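Worksheet: one structure, shown below.
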Amino acid sequence: MTTWTRPDIGPVDLDRYLDTTVFVLPPTPGLIALHTQARDATAGQEQFVRAAGRIIRLLLETALSHLDHQPHAVATPTGFVFEGVRAVQPELYAVTIPRAGDALEIGLREIRPDARFGKILIQRDPVTKHPTLLYRKLPPDIAGRQVLLLDPTIATGGTLLTAINELVAAGVEESDILVVNVLTCPEALATVLSRRPDIRIVTSHIDRTLTDQAFMQPGIGDFGDRYHGTVATATDTA
């Protein structure tokens, strides 16, 4: 079995992506405090779920604002007109990558219980890091729609690229895919955006680098295991 080899992509120029295809939440003290709580290796499941859930809520509200909007005026109770906006696409489509992506689904259902969800199950080999598609179930009319793709950790980018390929094969335009992500790293961004340059990514933080073992540094651990309370590790998955 061939082990994973770190890609030789050289230094990553993040400036070419920031605020054009990659949008990072402002590093406020409140957000950094939530990351501190979630990343703490001594944190139990309750602390992790609470901190991650609050980060996810901030992410989702920001991601929804990146969907297309159009002018929409309403009359206020005082009889005046408020010149507002509303989403061009009333229906909200989202696709999760289980298990870790379920955390984002829970948060989105609280905001938009009417959202239509799809699932793309991908297993990453623990040694080669090669992703394998196991299951796909998407809304039948997802073609041509704007879609939120929910993936909390992007380390190597292989899992995310597999999911994007499935959406494009289902008729979703690359430019209509908006990835919602808790944590990623420069190497993953370069890998994904070099192959799919028209997607957009909203993330709460970009870590320093990717280690030779394909873990993000400083990392957050196995997001899915920590969220669901199965195994607590210090490794990162994508």
Side-chain angles (χ1 to χ4, degrees), residues 16-26 53 55-74 83-98 100-122 131 133 135-154 157-184 188-189 191-206 238:
R16 64 180 295 192
Y17 303 123
L18 294 177
D19 297 324
T20 54
T21 54
V22 177
F23 304 90
V24 186
L25 296 185
I55 295 172
I56 286 169
R57 183 62 180 250
L58 295 171
L59 272 172
L60 290 170
E61 293 289 2
T62 300
L64 290 171
S65 73
H66 281 275
L67 298 176
D68 290 342
H69 287 73
Q70 62 188 3
H72 179 64
V74 295
E83 300 292 343
V85 299
R86 63 181 174 187
V88 172
Q89 178 183 290
E91 306 87 358
L92 180 61
Y93 291 78
V95 173
T96 62
I97 303 176
D102 293 341
L104 286 153
E105 177 179 343
I106 292 169
L108 186 55
R109 285 191 184 277
E110 293 178 354
I111 301 172
R112 287 288 303 269
D114 61 321
R116 303 185 64 186
F117 283 91
K119 299 276 187 180
I120 300 177
L121 179 59
I122 300 165
L133 175 68
Y135 173 83
R136 185 190 87 170
K137 182 67 173 180
L138 303 174
D141 59 343
I142 198 171
R145 307 284 188 167
Q146 288 190 307
V147 178
L148 298 183
L149 181 53
L150 311 179
D151 188 11
T153 56
I154 310 171
T159 297
L160 180 61
L161 282 169
T162 301
I164 292 170
N165 291 342
E166 291 300 310
L167 288 179
V168 172
V172 180
E173 294 292 332
E174 184 179 317
S175 59
D176 283 337
I177 298 173
L178 180 60
V179 178
V180 186
N181 165 256
V182 174
L183 185 65
T184 187
L189 293 174
T191 297
V192 172
L193 292 171
S194 65
R195 292 164 173 79
R196 293 293 185 180
D198 292 332
I199 68 162
R200 291 170 293 161
I201 300 173
V202 176
T203 185
S204 73
H205 193 86
I206 301 174

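Note that the structure is a prediction, hence the values are computed from the model and not measured.
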Yes or no on side-chain contact (heavy atoms from CB on, under 4.5 Å) for L92 and D114, after CA distance, side-chain angles and deciding distance?
-> CA-CA 7 Å; L92 180 61; D114 61 321; 5.5 Å; no

Any side-chain heavy atom of T96 sitting closer than 4.5 Å to one from L108?
-> no

Side chain of E166, backbone of I120: donor and acceptor closer than 3.5 Å?
-> no

Verify the distance criterion only: is there a donor paired with an acceptor across the side chains of S175 and D198 at less than 3.5 Å?
-> no

Flag side-chain contact, heavy atom, 4.5 Å: P197 against T21 = no

Any side-chain heavy atom of V192 sitting closer than 4.5 Å to one from I164?
-> yes

Under the 3.5 angstrom rule, does the side chain of R145 hit a backbone N or O of E91 as a donor-acceptor pair?
-> no

Run the side-chain contact (heavy atoms from CB on, under 4.5 Å) check on L138 and Y93 step by step: do they pass?
-> CA-CA 9 Å; L138 303 174; Y93 291 78; over 6 Å; no

Reported OG1-to-CG distance for the pair T191 and L160, which is rounded to 0.5 angstrom | 10.5 Å

Report the distance from atom CZ of R57 to atom CD1 of I106, rounding to the nearest 0.5 Å.
-> 13.5 Å

Any side-chain heavy-atom pair of I177 and V95 under 4.5 Å | no

Any side-chain heavy atom of L178 sitting closer than 4.5 Å to one from Q146?
-> no

Steps toward side-chain contact (heavy atoms from CB on, under 4.5 Å) verdict (Q70, R86) | CA-CA 6 Å; Q70 62 188 3; R86 63 181 174 187; 3.7 Å; yes

Compare all side-chain heavy atoms of L167 with those of D176 and state whether any distance is below 4.5 angstrom.
-> no

Is a salt bridge present between R109 and D102, judged by a nitrogen-to-oxygen distance below 4.0 Å?
-> no

Return yes if some donor-acceptor pair links the side-chain N/O of N181 with the main-chain N/O of V202 below 3.5 Å, else return no.
-> no

Side-chain heavy-atom pair L121, K137 within 4.5 angstrom cut-off = no

Taking side chain as C-beta onward, heavy atoms only, is Y17 less than 4.5 Å from I201?
-> no

Greater than 12 external heavy atoms within 6.0 Å of Q89's CD | yes

Does the T184 side chain pair with the main chain of I154, one donor and one acceptor, at a distance under 3.5 Å?
-> yes

Check whether any side-chain N or O of H69 sits under 3.5 Å from a backbone N or O of L67 as a donor-acceptor pair, and report yes or no.
-> yes

Stepwise, does the side-chain contact (heavy atoms from CB on, under 4.5 Å) test hold for I199 with L149?
-> CA-CA 10 Å; I199 68 162; L149 181 53; over 6 Å; no

N165 pairs by side-chain hydrogen bond (donor to acceptor under 3.5 Å, both in side chains) with which of R196, E174, R195?
-> R196

